[in-house]
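Reminder, nothing fancy here: chain letters follow the sequence lines and each chain counts from 1.
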Amino acid sequence: MKTIQAIRGMRDILPEQTGWWRRMERQLYAALAQFGYQEIRTPILEPTELFKRSIGEETDIVEKEMYTFEDRDGSKLTLRPEGTAAVVRSYIENSQWQKEPLSRWYYMGPMFRHERPQKGRYRQFYQVGVELLGAEAPAADVELIDVMLQCMGAIGLQGFTLELNSLGCMSCRPSYREKLQIFLKKNQEKLCDNCRRRMDTNPLRVLDCKVNTCRQVGEEAPKILDHLCQDCGTHFQTVREGIEALSIAYHINHRMVRGLDYYTRTTFELLADGLGAQNAVAAGGRYDGLVSALGGSQMPAVGFAAGLDRILLKLLETLQKPETPESIFVVTRGPGAWPAGLAVMQNLRNKGLVVRSDVRQGSIKAQMKRADKDGARFVLVLGEDEVAEGAVTVKDMKAAPDSADKQKKIARDALTSYLLEKLSVANGVGK
RNA sequence: GUGGGUGUAGCUCAAUUGGUCGAGCGCUGGAUUGUGGUUCCAGAGGUUGUGGGUUCAAGCCCCAUCAUCCACCCCA
């Protein structure tokens, strides 16, 4: 029979891996809580229209990377390709700005894009995204960048660079766009085919083309930072001051623009060393126009998203395996041993201990091997003798062979306190 | 979407110019009665990703397809 395999670009995260994921998620929750951010969970499926309006019709994501299909009534649905659109939709739908002027939200979960899979790039991938809605002040931008770096620090990621730019606003970007377009037109014979096309539809994107000749043109092109209006200029300047006050190293990349249409003013990107072409680990910026573009009132906001698959990939290069708590393994053999063992295990678990056994039973030797493989600290043996005496043999797997506590027969009613004392010493809890 | 590399045991990899596909690790069992790790012994596990083709003969050559990796594209 033909076996069924996972869809291309989508993969299982097996139990041997989920420990890493859970630790990373826990650390992120903790870091975000420190800044007062709260989690929001939105549906994975949204009306296609939401992404067309927020990300932009002309973007690659919307044009060719979305998983879109028809619902039974013919309406178009899309598996979310990113998180901000849904968050903003929810923000508006729930009249959030009327409940409180400022919302600090984050989300974590799978996103879907139909791209060619590669290392660190999957069709179902995981992001954590952080949004600060309702503040126009540069302090908001600075806080988000601070949060981003704190998050990376919390999960133990190091070796990256922060890049910063400003895209201006609705009042200064159009005139810059025009100047850029004129410049590009003059130099169009040096541009690649792709850029010659983009020159008209989205001239800013020419700046981050990787083709060498385009890069040269980009270097000589008028810089947006020189064409910001006064408000955008002072905003950006204040953001820089804040980042410097936090002693965060960064550099200006005037060629960093965004693939999503909704960004305004500050944009930033965190690049990790040693991930090849997939080195953008987190990125974000300000999107003052998005809430109103989706039908809400004019509401400024900043946000960023981080790619967890890539981060974990990088983390695995350096980090040690997460520690597991010391555990107990119960071995039973002979008449009456199994039910007695069940009662013992139930009792110990009620005390909060990690207790396992080999449900296949088998020889004592086989069960001991299992206990060792599972990394158990203590093995409790209940054989015929122990059952008859109402006792349990406790073996300390880590103790030296000649140690007095290596193996001891303990009365069943003294067992719990014996183990609790042993384990609290082992785990460094207690006095 | 474009170009290229790679698919052999659960994992990492061998296999001469096309001539019986092996090893290490892992897994299971055993080394005298109820005790793990180390050691020793044994065993299981493969239509060589899949489907065609060439040939007396294909893991190896050809075509297709799927998966994966790298680069481009794009992005987190």
Engineer: Which part of the nucleic acid, if any, lies within reach of A:A283 when heavy atoms closer than 4.0 Å are counted: base, sugar-phosphate only, or nothing?
Structural biologist: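 Answer is sugar-phosphate: A:A283 comes under 4.0 Å of backbone atoms only.
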Engineer: For nucleotides 25-39 of chain B, give me one character per nucleotide, 5' to 3': B if any protein heavy atom sits under 4.0 Å from the base, S if the only such contacts are to the sugar-phosphate, - if neither.
Structural biologist: --SS-----BBBB--
Engineer: List the residues meeting ring pair (Phe, Tyr, Trp, His ring centres under 6.0 Å) with A:Y126, not counting sequence neighbours, and say none if there are none.
Structural biologist: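 Testing A:Y126 for ring pair (Phe, Tyr, Trp, His ring centres under 6.0 Å), a comparison that skips the adjacent residues, returns A:W21.
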Engineer: Measure the distance from CD1 on A:I155 to C1' on B:A76 and round it to the nearest whole Å.
Structural biologist: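 Value for this atom pair: 13 Å.
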Engineer: Closest-nucleotide mapping onto RNA chain B: is A:Q5 or A:E115 further toward the 5' terminus? I mean the 5' end.
Structural biologist: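 The 5'-side residue here is A:Q5.
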Engineer: Would you say CH2 of A:W338 has more than 12 non-hydrogen atoms from neighbouring residues, nucleotides or ligands within 6.0 angstrom?
Structural biologist: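 Count not over threshold, so no.
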Engineer: Taking the minimum atom-to-atom distance to the side chain of A:E65, which one of B:U2, B:C70, B:C74 wins?
Structural biologist: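 Side chain of A:E65 sits closest to B:C74.
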Engineer: Determine yes or no for a side-chain-to-main-chain donor-acceptor pair under 3.5 angstrom, with A:R123 supplying the side chain and A:E115 the backbone.
Structural biologist: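 Confirmed, A:R123 side chain pairs with A:E115 backbone.
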Engineer: List in numerical order all residues of residues 8-31 of chain A for which some heavy atom is under 4.0 Å away from an atom belonging to RNA chain B.
Structural biologist: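 Contacting residues: A:R8, A:G9.
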Engineer: What residue pairs, at least two apart or across chains, pass salt bridge (charged side-chain N to carboxylate O under 4.0 Å, His left out) with a residue in residues 4-20 of chain A?
Structural biologist: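 The answer is A:R11-A:D309.
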Engineer: Round to a whole Å and report the spacing from CD of A:Q118 to C1' of B:C73.
Structural biologist: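 Distance, rounded to whole Å: 10 Å.
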Engineer: May I have the distance from A:R215 (atom CZ) to B:C72 (atom P), rounded to whole angstrom?
Structural biologist: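 One finds 11 Å between P of B:C72 and CZ of A:R215, rounded.
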Engineer: Listed by chain and number, what are the ring pair (Phe, Tyr, Trp, His ring centres under 6.0 Å) partners of A:Y91, not counting sequence neighbours?
Structural biologist: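 Scan of A:Y91 (ring pair (Phe, Tyr, Trp, His ring centres under 6.0 Å), adjacent residues dropped) gives A:W105.
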Engineer: Sequence neighbours left out, what passes ring pair (Phe, Tyr, Trp, His ring centres under 6.0 Å) with A:H235? Give chain and number order.
Structural biologist: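 Once residues adjacent in sequence are excluded, A:H235 has no partner under the ring pair (Phe, Tyr, Trp, His ring centres under 6.0 Å) criterion.
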Engineer: Can A:T78 and A:T68 be counted as having a side-chain donor-acceptor contact under 3.5 angstrom?
Structural biologist: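 Judged by distance alone, the side chains do pair up.
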